[in-house]
Amino acid sequence: GDHLFFLPASKLRREIIMAHRNEIEQIAFKKEVPGKLIISYRTFPESLTMVMRLENLERKFLVNSRGIVTAVDAENPELPYVRITHFEDFPKQNTAVFEQELVEKMRRAETLFEDKFGIKVIEIAYKKTEREIHLRTEPGFFIWIDLTQSIDRQLFKLKRALTKLDIYKE
């Protein structure tokens, strides 16, 4: 029923957000006379390229900042690659694969490490049972991050300990 033009914007916003809560981050409406409704929206940004291997098949998925698969068999080389092994089957589009907080922690760990050490992270391996992520770096070594502890503190301690090692040459 109701004529779209006479619907209250708050009701329309609520209905659209509820129907697309994993996709739409923000939505705005503008009514123009005569009978024109302009809808503008912003989706949650893509945050990760998730890589999964089951038996002999490897597939890639784009995951947004809420941890939802937004595209199947797709990748974005500008985003961090996250390798996972704990799923028994490939996820479908619009499926939650990570908690939003976990996506934020993985992105933060990658950014902090690259900023602090000036070394590129090639891939993040997520270890669900161990509650860890392993950052594989361009020189080929791994940095293990405990997700139950402060990432900032762990990288600070690593930076302090590395004064004794020259990771840039080894």
Side-chain angles (χ1 to χ4, degrees), residues 17-18 20-27 41-170:
I17 294 280
M18 288 304 293
H20 301 279
R21 68 180 160 270
N22 292 327
E23 304 156 50
I24 296 177
E25 181 176 22
Q26 187 176 12
I27 190 164
Y41 66 94
R42 183 174 67 214
T43 59
F44 288 100
E46 292 172 341
S47 292
L48 309 168
T49 297
M50 182 177 75
V51 182
M52 265 185 78
R53 181 185 271 304
L54 291 177
E55 297 177 20
N56 292 333
L57 181 60
E58 182 174 277
R59 294 177 72 186
K60 295 176 181 156
F61 307 83
L62 289 175
V63 177
N64 71 13
S65 61
R66 299 234 350 194
I68 308 296
V69 173
T70 58
V72 176
D73 295 322
E75 66 183 301
N76 181 342
E78 300 297 315
L79 298 174
Y81 285 85
V82 176
R83 186 167 295 278
I84 62 166
T85 57
H86 63 274
F87 284 117
E88 295 178 13
D89 201 3
F90 292 116
K92 294 177 176 41
Q93 190 161 342
N94 295 322
T95 303
V97 290
F98 299 119
E99 295 290 324
Q100 183 173 347
E101 181 183 9
L102 177 59
V103 173
E104 292 167 1
K105 283 182 176 184
M106 287 190 280
R107 291 298 309 257
R108 180 161 177 69
E110 179 206 33
T111 301
L112 280 174
F113 181 82
E114 289 181 351
D115 290 349
K116 217 177 247 314
F117 295 94
I119 298 174
K120 180 149 179 55
V121 173
I122 303 297
E123 181 179 85
I124 301 168
Y126 172 57
K127 308 292 183 180
K128 182 179 182 178
T129 305
E130 297 87 346
R131 294 187 305 224
E132 295 176 344
I133 55 173
H134 299 173
L135 308 177
R136 184 167 62 98
T137 65
E138 209 165 52
F141 56 84
F142 289 85
I143 304 298
W144 291 20
I145 303 288
D146 183 343
L147 293 171
T148 65
Q149 304 295 317
S150 163
I151 294 169
D152 294 271
R153 184 137 175 82
Q154 290 175 74
L155 292 178
F156 172 76
K157 286 181 175 183
L158 178 63
K159 183 77 170 174
R160 216 174 51 203
L162 288 180
T163 58
K164 297 171 181 76
L165 298 172
D166 189 356
I167 62 168
Y168 303 99
K169 291 183 182 174
E170 293 181 21

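Because the structure is a prediction, the values reported are computed rather than measured.
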More than 12 heavy atoms of other residues, nucleotides or ligands under 6.0 Å from [atom1] of [X]: is that the case?
{"X": "Q93", "atom1": "CD", "result": "yes"}
{"X": "R131", "atom1": "CZ", "result": "no"}
{"X": "E58", "atom1": "CD", "result": "yes"}

Is any side-chain heavy atom of [Y] closer than 4.5 Å to one of [X]?
{"X": "I145", "Y": "I124", "result": "no"}
{"X": "I17", "Y": "I24", "result": "yes"}
{"X": "M52", "Y": "F87", "result": "yes"}
{"X": "S47", "Y": "V63", "result": "no"}
{"X": "F117", "Y": "K159", "result": "yes"}
{"X": "E46", "Y": "S65", "result": "no"}
{"X": "I68", "Y": "T95", "result": "no"}
{"X": "L112", "Y": "I151", "result": "yes"}

**Study point:** Taking every non-hydrogen atom, the tightest pair across V72 and P91
**Key:**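 It is CG2-O, 4.3 Å.
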
Practice item. Might you point out which heavy atoms bring I133 and A109 nearest each other, and give the distance in Å? Key: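 Taking every non-hydrogen atom into account, CD1-CB, 3.6 Å.
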
**Study point:** M50 and K60: CA distance, side-chain angles, deciding distance, side chain to side chain contact (heavy atoms under 4.5 Å, CB included) verdict
**Key:** CA-CA 6 Å; M50 182 177 75; K60 295 176 181 156; over 6 Å; no

To the nearest 0.5 angstrom, please state how far the [atom1] atom of [X] sits from the [atom2] atom of [Y].
{"X": "R42", "Y": "E25", "atom1": "CZ", "atom2": "CD", "value": "4.5 Å"}
{"X": "R108", "Y": "K105", "atom1": "CZ", "atom2": "NZ", "value": "11.0 Å"}
{"X": "L147", "Y": "E130", "atom1": "CG", "atom2": "CD", "value": "10.5 Å"}
{"X": "T137", "Y": "E114", "atom1": "OG1", "atom2": "CD", "value": "10.0 Å"}
{"X": "D152", "Y": "K157", "atom1": "CG", "atom2": "NZ", "value": "12.5 Å"}
{"X": "E123", "Y": "H134", "atom1": "CD", "atom2": "NE2", "value": "12.0 Å"}

Check your understanding: Does the pair L79 and L48 meet the rule for a side chain to side chain contact (heavy atoms under 4.5 Å, CB included), with working shown?
Key -> CA-CA 5 Å; L79 298 174; L48 309 168; 5.7 Å; no

**Study point:** Under 3.5 Å: donor-acceptor pair, side chain of E110, backbone of M106
**Key:**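 Checking the backbone N and O of M106 against the side chain of E110, no donor-acceptor pair under 3.5 Å is found.
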
Review point. Judged by atom type as modelled, is there a donor-acceptor pair below 3.5 Å linking the side chain of Q149 to the main-chain atoms of Q154?
Key: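 Checking the backbone N and O of Q154 against the side chain of Q149, no donor-acceptor pair under 3.5 Å is found.
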
Point to revise | F90 and F61 aromatic ring geometry - parallel, tilted or perpendicular at 30°/60° bounds | key: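 Aromatic pair F61/F90 classed tilted.
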
Practice item. Please report the C-alpha distance between Y81 and E75 in whole Å, then the side-chain angles of each, then the deciding distance to 0.1 Å, and finally whether the side chain to side chain donor-acceptor pair (under 3.5 Å) criterion is met. Key: CA-CA 9 Å; Y81 285 85; E75 66 183 301; 2.4 Å; yes

Check your understanding: L62 and T49: side chain to side chain contact (heavy atoms under 4.5 Å, CB included), yes or no, with the steps?
Key -> CA-CA 5 Å; L62 289 175; T49 297; 3.6 Å; yes

**Study point:** Pair Y126 + H86: ring centers closer than 6.0 Å
**Key:**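 Centroid distance Y126-H86: below 6.0 Å, so yes.
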
**Study point:** Exercise: do Y41 and E23 side chains pair donor with acceptor under 3.5 Å
**Key:**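 No.
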
Review point. Taking it one step at a time, do F113 and I119 satisfy side chain to side chain contact (heavy atoms under 4.5 Å, CB included)?
Key: CA-CA 7 Å; F113 181 82; I119 298 174; 3.9 Å; yes

